[in-house]
Asker: 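I'd like to ask some things about the structure below.
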4 protein chains.
Amino acid sequence: MNDRSPTLVAETGRRNEAAILNAAIHAFGTQGFNGASMRDVARGAETSLSNLYNYFPSKSKLLAAALRHANAELRSRVLSAVELAGDDAPSRMREAVRAHVGFVVEHQTATLVATNELRYLDPGDRAALVEDRDATQDAFERIVAQGVADGVFRTPYATDAARTILGAVAAIASWYRPDGALGRGQLAEQYARYALALLEAPLTH
Amino acid sequence: MNDRSPTLVAETGRRNEAAILNAAIHAFGTQGFNGASMRDVARGAETSLSNLYNYFPSKSKLLAAALRHANAELRSRVLSAVELAGDDAPSRMREAVRAHVGFVVEHQTATLVATNELRYLDPGDRAALVEDRDATQDAFERIVAQGVADGVFRTPYATDAARTILGAVAAIASWYRPDGALGRGQLAEQYARYALALLEAPLTH
Amino acid sequence: MNDRSPTLVAETGRRNEAAILNAAIHAFGTQGFNGASMRDVARGAETSLSNLYNYFPSKSKLLAAALRHANAELRSRVLSAVELAGDDAPSRMREAVRAHVGFVVEHQTATLVATNELRYLDPGDRAALVEDRDATQDAFERIVAQGVADGVFRTPYATDAARTILGAVAAIASWYRPDGALGRGQLAEQYARYALALLEAPLTH
Amino acid sequence: MNDRSPTLVAETGRRNEAAILNAAIHAFGTQGFNGASMRDVARGAETSLSNLYNYFPSKSKLLAAALRHANAELRSRVLSAVELAGDDAPSRMREAVRAHVGFVVEHQTATLVATNELRYLDPGDRAALVEDRDATQDAFERIVAQGVADGVFRTPYATDAARTILGAVAAIASWYRPDGALGRGQLAEQYARYALALLEAPLTH
DNA sequence: GATGAATGAGGGTTCATTCAT
DNA sequence: AATGAATGAACCCTCATTCAT
């Protein structure tokens, strides 16, 4: 039902749950939270409108659940990329950015939803998801802090740098086209370099 | 009606036009295009629902008009900042970014609308506005090209750099709080430096 | 649209208001508050569903408004009947009961609604309407008190007598058929006598 | 699940039947037939929604079954009270009313349902239940007839008297509060006197 | 310009009921 | 007997828009 991005949520015990979540991401991503109707989601999930409510108690809780999945997947990708990287901050930053770009490109729609539709959640859900997102941002901030401590990131504005980098990467989702000039790998490389440059790391070559 | 940002659109000949446009930006910015109703706009503009249609033929045309005003204001700020700057690319880039940051901070809501709600326009209006926005982006790209030609911007990814910088600056609107730690001026300074670093300009101090 | 009872609410300035209120009483009376839909009301009022909301902000407020009209009409009938009666308690009680029976028979549906559907109001509206209803009940209680003081009502249970009488009269609405054996006048006479007997007034003939 | 009234229906062979019936009375009594959902009933009976349909084929049949139980209990109380009373009509009426008041006070919710929700039954079920209820009313009417024949009830409106008395007693359910000023016994005494007075029986003391 | 009334379409959600297990 | 998932119809209400004044 979503040709652009592979399904974000895998099958679980409850048969339709994954289908509903993926349909929700697609619908919310292409039409916006308020522009998409629960009927659109049901159509995408190939189930009935009322059956959605056997899985999620409201439209907004459905959005929250979808965003929780997206956040979890993003975080796990970034964290394992960092673990597999070298010990120095530049390598780690490079791999973290590459992983993030990979997620954005693969789950473009989910990224758009996570960026644009957070505001439509109940305050409690929004807070929980912001915390969730901040956990990913923390991984970046720790790398920045390490690089600054090591003297290899020389920006005087280290505090906001991680947020700025994450914002730039997420923004890719708003213009990227899989059939465009840049391939996934090149894009990842490019943004890794942007990130290191922004941090004022000396060029390594 | 919007305490955070000063009204974007000034009084014109038609008495209520500016009030409607400013109310529209406020409503669309805080609730999203589909989340805000024409009744919300009318309430914000302190006029009647049906009177909106004496000024704008549809909700979507109202959004288009509001965005045209925002774009025009942004562009004029950036262009005149560039004109007043020195002749070298880094100075120009610095002033362009500072002007843009200024607009984002002053018209935070309008920036959010321009970033998030463009998708809800009729295709024709969207195309026109994208063109409009690209005109502003062109100003940045010309500076980048000049800097690359002068050898002062050494990034190998000059093509996408302007877009990335503009995206990062626009993203400020999604988290900036006027009562936060960073003042307007510091923020402008910081983002100017981010931009030059990202372009891999050698530090001037 | 309501053949049984003449319309309770007369035309006012707003063209459709009376039609909507009368249709609401009919619909709520025949199908119950939860059994009747706003579409039913709209159909009865010969207007569109959505137009109902130009007059009443919700189904429950529509019920409240309808009941306010019914209560007002009932109270005014009872009060003027009492005023026109003689000075002694039995005459007053007789006329009050006769007036009430007249209202019940004429506005049978409205009486049913007032008896059965009060519970579906917002607490605030319900409280206001109960107060309203109690004002009518007060008229009866004052007559009871006068009769007791005069020694002409000899029941030892004067406190609850008014409520019991009103309940019995209202209950007429649940079985009365205009084409039945009892005419309006006979019914009024009969219930007046029930009331006086219940109050243990000595028979006057 | 219903603290006010003791459960009306006792355990039977089928484990959940009584729980469902009692939950139905509670739900229909507090929210009305159309206001209560089968889910509410299931929750009250602590079973699953779909299991309700193993016991009762539809919501309306469930209401019918619940009302049959209530009617049967009421009738048996009244009949055995009459049997235990003396032979004269006033004694019998007094005991019948006392028994009825006892039922209303003990099964207030069931009384409310029987009074207000009968209309929502299928015509066939409604007819059967009305007949059922009329059987109880017949007991009262026979007493009235006896009293009239004996010259002890002197009302000229004997025909409707039983219905009026029963209506007044049932109406107790709409205002009685167990923690109120009147105890069960006082209330029964009071309504017995109301009934005899209404029938124009000479006072016995 | 400006308004209040009007409307058809569609919104999210709940409903009684059924079915497979 | 018991359940969770499923469904189509219907619910109240709001929407963008139009029209008569």
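First the proteins, then the strands, lettered A, B, ... as listed; each starts at 1.
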Asker: Given Watson-Crick or G-U pairs with both distances under 3.5 Å, what dot-bracket string fits DNA chain E, with | for other-strand pairs and [ ] for crossing?
Answerer: .||||||||||||||||||||
Asker: Quick check for you: among E:dT3, F:dT17, E:dA5, whose closest atom lies nearest to any side-chain atom of B:Asn51?
Answerer: E:dT3
Asker: Tell me: CZ of D:Arg39 to P of E:dA16, nearest whole Å?
Answerer: 7 Å
Asker: Do the side chains of B:Asn16 and B:Asn54 get nearer than 4.5 Å, heavy atoms only?
Answerer: no
Asker: Please tell me which of C:Pro57 and C:Gly35 maps to the more 5' nucleotide of DNA chain F, matching each residue to the nucleotide holding its nearest heavy atom.
Answerer: C:Gly35
Asker: Mind calculating the distance between CD1 (A:Ile20) and C1' (F:dA6) to the nearest angstrom?
Answerer: 11 Å
Asker: Have a look at B:Ile25 and tell me which of B:Leu112, B:Thr7, B:Val41, B:Leu8 forms a side chain to side chain contact (heavy atoms under 4.5 Å, CB included) with it.
Answerer: B:Leu8
Asker: Quick check: do D:Arg119 and D:Phe33 have side-chain heavy atoms less than 4.5 Å from each other?
Answerer: no
Asker: If each of B:Leu52 and A:Ser60 is mapped to the nucleotide of DNA chain E with the nearest heavy atom, which maps nearer the 5' terminus, i.e. the 5' end?
Answerer: B:Leu52
Asker: Counting side-chain heavy atoms from CB outward, which of F:dC12, F:dT7, E:dG11 is closest to C:Ser37?
Answerer: F:dC12
Asker: Mind checking the CG-NZ spacing from B:Leu62 to B:Lys59? Nearest 0.5 Å is all I need.
Answerer: 9.5 Å
Asker: Tell me the interatomic distance from A:Phe56, atom CZ, to F:dG4, atom P, rounded to whole angstroms.
Answerer: 17 Å
Asker: Could you give the NZ-to-P distance, from D:Lys61 to E:dA16, as a whole number of Å?
Answerer: 17 Å
Asker: Whole angstroms only, please: what is the CG-P distance between C:Asn54 and F:dA16?
Answerer: 14 Å
Asker: To the nearest Å, how far apart are B:Gln31 CD and F:dA16 P?
Answerer: 11 Å
Asker: Mind checking B:Leu49 for me? I need base, sugar-phosphate or nothing, with any heavy atom below 4.0 Å counting as a touch.
Answerer: base
Asker: Categorize B:Ser50 for me: base, sugar-phosphate, or nothing, with a 4.0 angstrom heavy-atom threshold over every strand shown.
Answerer: base
Asker: Using whole Å, report how far OH of B:Tyr55 lies from C1' of E:dA2.
Answerer: 8 Å
Asker: Taking for each residue the nucleotide of DNA chain F bearing the nearest heavy atom, is the 5' side occupied by C:Ser58 or by A:Thr47?
Answerer: A:Thr47
Asker: A side-chain contact here means heavy atoms from C-beta on lying under 4.5 Å apart; do D:Leu21 and D:Phe56 qualify?
Answerer: yes
Asker: Checking all strands, does A:Ala42 fall into the base, sugar-phosphate, or nothing category for heavy-atom contacts under 4.0 angstrom?
Answerer: nothing
Asker: F:dA20 P sits how many Å from C:Asn16 CG, rounded?
Answerer: 16 Å
Asker: Quick check for you: among E:dG1, F:dA6, E:dA16, whose closest atom lies nearest to any side-chain atom of A:Ser48?
Answerer: F:dA6
Asker: Looking at every non-hydrogen atom in both residues, tell me the closest pair between B:Lys61 and B:Pro57 and how far apart they are.
Answerer: CG-CG, 3.7 Å
Asker: How far apart are the closest heavy atoms of A:Met38 and A:Leu49, and which atoms are they?
Answerer: CB-CD1, 3.6 Å
